[in-house]
Amino acid sequence: MEKTFNATQAESRLYDAWETAGCFAAGANAKPGAETFSIMIPPPNVTGSLHMGHAFNNTLQDILTRWHRMRGHDTLWQPGQDHAGIATQMVVERELIKEGKRRTDFTREEFIARVWEWKQQSGGQIINQLKRLGASCDWSRNAFTMSGAPAAPEGEDGNFHDAVIKVFVDLHEKGLIYRGKRLVNWDPHFETAISDLEVENIETPGHMWHFKYPLAGGETYTYVEKDEDGNIVLEEERDYISIATTRPETMLGDGAVAVHPDDARYAPIVGKLCEIPVGPKEHRRLIPIITDEYPDPDFGSGAVKITGAHDFNDYAVARRGGIPCYRLMDTSAHMRDDGAPYAEAAALARRIIDGEAFSENEIDAINLVPDELRGLNRFEARERVIEEITQEGLAVMTDGEDGPEPFVENKPVMQPFGDRSKVVIEPMLTDQWFVDAEKIVGPALDAVRSGETKILPERDRKVYFHWLENIEPWCISRQLWWGHQIPVWYGLDLGAADFRDDEGDGSLDLVELGRLLNEGGMLHAGDVHHCAADFDAVLRAFRAELADTPHPIADARIVEVEDKHAAIHMLAESLAHYAIDQDPTKLVYPVWRDPDVLDTWFSSGLWPIGTLGWPEDTEELRKYFPTSVLITGFDIIFFWVARMMMMQYAVVGQKPFDTVYVHALVRDESGKKMSKSLGNVLDPLDLIGDYGADAVRFTLTAMAAMGRDLKLSTARIAGYRNFGTKIWNACRFAEMNGVFEADLPAVDYGAGNDADQTVNQWIIGETAKVREEVDAALAAFRFNDAANGLYAFVWGKVCDWYVEFSKPLLQGEDAAAQQETRQVMRWVLDQCLIMLHPIMPFITEELWGTLSARDKMLVHADWPTYAASDLVIEQADREMNWVISVIENVRSARAQMHVPAGTYIPVLVSEIDTAGEAAWSRNETLIKRLARIDSLEKVDSFPKGCITVPAEGATFGLPLADIIDVESEKARLEKSLTKLAKEIKGLRGRLDNPKFAESAPPEVVEETRANLDQREEEEAKLKTALTRLAELG
RNA sequence: GGGUGAUUAGCUCAGUGGUAGAGCGCUUCGUUCACAUCGAAGAUGUCAGAGGUUCAAAUCCUCUAUCACCCA
């Protein structure tokens, strides 16, 4: 064997061997009738590459998977990727830019073909990276959230698309999905809606401007400000109301000014109108002063401008107060440049103030951006608005160094940024699809409340509850091309009020046709829509819709067109032809499909069932669903966990998993979140290259204390790489000593501890202890306990002591003892490899295969089940612990007396009891070798200049008269005594307290007493030694 | 502003009421035939601070300070 494990050379070879042999396939190594264990990978983005978080997350999953598989359970680790709508579209668009092209240079079909092409070429990156980590997923089942979509090329079949569409249609039919014009988070870069979870709120330096909104008609009121005690601190006549805002450009779309109903300062002017101080003077818009609970009287002036179309709080106020929401920006967040000139728009707004009713769509068509600001981006518009107001003298002024200046506060504001685009998100009023989450949240909450699904660590239940209990409608439509296109078709609403069959004769005359074609007809009619899995299915719905319209339209051929424009054009043309030829067979009724796609998380929400073949009733679905565990980062509790819970219950009425294990973040050495912009990213693949996958995995596992972030440093990884080398060399030692020789009969000590040698009995018992520890830790998801327990056992027990103890036996004369020791060592090392395998799969598999011919690869080796109560032999335990302490104490004394490490010295013993004598004689060789003692002589009392080494039931002495340094020995003893005295004082204090004996559990009292006796015995010995030393001095 | 958590050795962190621990680093010694990616020995703690509960507190409770994250 080499001296070290060559990870680089071995890892890919071993992984290939596992995969080729089908070791990771669902059900591989399952015992007949075994219980199932299934775990769904949180699907990484198809654009993703492995980062530390993935490495951590997947290491934990792999540990559980390998552990269960070795235990003979019917195990499935289901891998896959999600199609990551925005991210993927972004990646492909970036590729196109290299060719000097843009997405819009292509048709949607062409672009999607490009995306698929990219996916097939580059989308598998993370799979290969997961393989390097050692992830034992069943890759033959690799899933993709867009599999089976209409344009999917060969090799991308599967039925995830069917599942997504079916769920949409079902939920739509149940009324759980609806369409509506709502304020949503709009990403001006990608020009799509995003959900509130895709928004990062970041504190950014900002400003608060204070402006005066003049009262209409020059009205005035007495503004009175009082302090806490009700004393008047300010009283003045005002003809305006003061407003503070961080976004002056949105003033253009104000619909009202709101004050708190209890705010006495503004009570005189509630219900009056005030003027928005921007825009052409002659068309100044007036807006009402209303009351609402939202304004905080103590914040700013206490009065808030209400811009329903560009702020979420304002939107709520506007809805409550029936205030119109004027949209000011286009999809790229530039000031609108459409519609009628400002003068006309302002006139329309005036009519609304006067009480005229306008529809939502009519209001949306009103562009209240003054002509000179149209087309500017929002930040330029802001500057211009501020400038205009200030020039007009309507900014609130304050005393500056050089006289009065506009009152502008510098203050940090929370600004929303798109988590992908990193641009400022704009709240925007648009038509979107929503899941009525509130209606389906119940079972998801109940499941966790009742413990049907467990969330670990428990405190994360709170996060889950808090979010679900306050759930908002989930916006699921995205204005993208890449994704599951929403299965909804629209048609023109021919049932609109002003389209009638006047004669009721079922036929169309020219007058009626004219009404359809002209203003007020179909051009301005609303749409009707129907939802179905495909076009054929939706035809029926439209046919029924048309049934009420006059013949021959009711019988028109329904055709699919690109969009509403095309539909209007085609219908008009068709009707025009009909007017001429009266041939009803040529009439068509065009419908168009909703161009939007579904939020990627909508499809990811179906992951547990979708990957198992639902909606088909597959064997895998029956067997592996509900799944056993979900391991995921806390950052996607809402994104994903909560939604999966809701959706699985809504769709199949079952929980998706038994347990959710939520883990924390991997941070850099100094505790910062790893991010590309900070440049503190540790690439797991680099680390694997430098230290081997096992070391990286072990490090992550050892640091996986539940619910705590882990700060990763390479020193730690190197430490665990060394651990691998340690085991490697222990095995190498064993091999060199014939432990793994083929003709040595294998003994399964797990079936019974029938070794003769105390050392062997002891290590067998220790192995059983650690097996229980590891199983208990893994069962409780205490990964760090499992790793640390194994580390302490393998290095601290097996390598440090057992291997050393075995040397005299392996190299000694006693053939029987030698054979037994070989057999025990073989068994023990095998157990180490087995138990370490889930954490360190590569090095253990390599050793397993190298050391001996095996029936099965380690990945399928049988996980042990023996119990400590069966294998621990108390007597052996006690004896070996005694031996270890004698060796340690002698070593310590030698080192402190500067006895050269290689020198063998004689040792004396006095007061040794029978147990001690027996222990000594059974382990004499070991002790002598490890403590470097050449002889032991029993004496009645120690000679002068003898170093005292206390042990339980004996006192050893090192006669070092010629080299002893009296002072340092004295110091050594006194130090020990001080420490002992402190301990004894504490112990005696407790025992002397009568309440302790009364209240403490008997075993604790007993333990304390025994402890005290032991300390006192040791103290006595040391005191004697000190006295003797004094004689010498 | 609300919530959650953290504060333990030089560093990174375990430790849910019963003698304060690990890894790395540090000091000294050591190439004895598994391993220098090693071995032996050693030093280092007001367990953030202040109160309280308890026979007993790093651990439970209260307050304070500092930091982090999540949500508004």
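The chains referred to below are lettered A, B, ... by the order of the sequence lines, with proteins before strands, and numbering in each begins at 1. A quick note: this is a predicted structure, and the numbers were derived from the prediction, not measured.
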Using whole Å, what does the distance between atom [atom2] of nucleotide [N] and atom [atom1] of [X] come to?
{"X": "A/E1006", "N": "B/G18", "atom1": "CD", "atom2": "P", "result": "18 Å"}
{"X": "A/Y691", "N": "B/U37", "atom1": "OH", "atom2": "P", "result": "13 Å"}
{"X": "A/D1013", "N": "B/U19", "atom1": "CG", "atom2": "C1'", "result": "15 Å"}
{"X": "A/I843", "N": "B/A34", "atom1": "CD1", "atom2": "P", "result": "18 Å"}
{"X": "A/H663", "N": "B/G5", "atom1": "NE2", "atom2": "P", "result": "20 Å"}
{"X": "A/E1007", "N": "B/A56", "atom1": "CD", "atom2": "C1'", "result": "13 Å"}
{"X": "A/R932", "N": "B/C29", "atom1": "CZ", "atom2": "C1'", "result": "13 Å"}
{"X": "A/Y720", "N": "B/C38", "atom1": "OH", "atom2": "P", "result": "13 Å"}

Using the [atom1] atom in both, what is the distance from [N] to [M], to the nearest Å?
{"N": "B/A43", "M": "B/U4", "atom1": "P", "value": "43 Å"}
{"N": "B/G52", "M": "B/A22", "atom1": "P", "value": "33 Å"}
{"N": "B/U7", "M": "B/U59", "atom1": "C1'", "value": "14 Å"}
{"N": "B/C63", "M": "B/G23", "atom1": "P", "value": "38 Å"}
{"N": "B/U8", "M": "B/U66", "atom1": "C1'", "value": "16 Å"}
{"N": "B/G15", "M": "B/A56", "atom1": "P", "value": "26 Å"}
{"N": "B/G17", "M": "B/A6", "atom1": "P", "value": "15 Å"}
{"N": "B/A57", "M": "B/A65", "atom1": "P", "value": "26 Å"}

For [X] and [N], is the shortest distance between a side-chain N/O and OP1 or OP2 below 4.0 Å?
{"X": "A/R782", "N": "B/G15", "value": "yes"}
{"X": "A/N722", "N": "B/C38", "value": "yes"}
{"X": "A/K3", "N": "B/A36", "value": "yes"}
{"X": "A/W795", "N": "B/G39", "value": "yes"}
{"X": "A/S892", "N": "B/G42", "value": "yes"}

Hey, is [X] close enough to [Y] for a salt bridge, meaning N to O under 4.0 Å?
{"X": "A/E766", "Y": "A/K769", "answer": "yes"}
{"X": "A/E469", "Y": "A/R449", "answer": "yes"}
{"X": "A/D292", "Y": "A/R320", "answer": "yes"}

Original post:
Are A/Y691 and A/N722 close enough, and set up right, to give a side chain to side chain contact (heavy atoms under 4.5 Å, CB included), and what steps lead you there?
Top reply: CA-CA 9 Å; A/Y691 302 100; A/N722 297 352; over 6 Å; no
Looking only at side-chain atoms of [X], point me to the closest of [options].
{"X": "A/N201", "options": "B/C55, B/C24, B/A72", "answer": "B/A72"}
{"X": "A/N784", "options": "B/G39, B/C35, B/A14", "answer": "B/A14"}
{"X": "A/R891", "options": "B/G42, B/A41, B/G23", "answer": "B/A41"}
{"X": "A/H466", "options": "B/C71, B/G18, B/G42", "answer": "B/C71"}
{"X": "A/E983", "options": "B/U19, B/A14, B/A34", "answer": "B/U19"}
{"X": "A/K807", "options": "B/C55, B/A34, B/U19", "answer": "B/A34"}
{"X": "A/K995", "options": "B/A34, B/A40, B/C55", "answer": "B/C55"}

Original post:
CD1 of A/I843 to CG of A/L833: how many Å apart, nearest 0.5 Å?
Top reply: 9.0 Å
Need the pair for [N]. Rule: Watson-Crick or G-U wobble, both distances under 3.5 Å, any strand; none if unpaired.
{"N": "B/U31", "result": "none"}
{"N": "B/A36", "result": "none"}
{"N": "B/U46", "result": "none"}
{"N": "B/G1", "result": "B/C71"}

Subject >> First of A/C731 and A/D800 reached from the 5' end of RNA chain B, by closest nucleotide >> reply: A/C731
**OP:** Would you kindly compare A/K462 and A/I887 by the position of their nearest RNA chain B nucleotide and give the one closer to the 5′ end?
**Re:**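 With A/K462 and A/I887 compared, the 5'-side residue is A/K462.
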Using a cut-off of 4.0 Å on non-hydrogen atoms, how would the nucleic acid contact of [X] be classed: base, sugar-phosphate, or nothing?
{"X": "A/R1015", "result": "base"}
{"X": "A/R721", "result": "base"}
{"X": "A/N1011", "result": "base"}
{"X": "A/R716", "result": "base"}
{"X": "A/P994", "result": "nothing"}
{"X": "A/C799", "result": "base"}

Subject >> Polar contact flag, side-chain donor to acceptor under 3.5 angstrom, A/S195-A/N185 >> reply: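 Result is no, nothing qualifies.
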Original post:
Is it true that A/F842 and A/F5 have ring centroids separated by less than 6.0 Å?
Top reply: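 Between A/F842 and A/F5, the centre distance exceeds or equals 6.0 Å.
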Original post:
Is the ring centre of A/F783 less than 6.0 Å from the ring centre of A/Y661?
Top reply: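 Yes, they do, as the ring centres are separated by less than 6.0 Å.
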Subject >> Evaluation steps, side chain to side chain contact (heavy atoms under 4.5 Å, CB included), between A/F723 and A/M840 >> reply: CA-CA 11 Å; A/F723 175 57; A/M840 310 184 101; 4.0 Å; yes
Original post:
Quick one: does A/E804 reach the base of B/A34 with a side-chain donor-acceptor pair under 3.5 Å?
Top reply: yes
Original post:
Can you find an N or O donor on one side and an acceptor on the other, under 3.5 Å apart, linking the side chain of A/K726 with the base of B/C35?
Top reply: yes
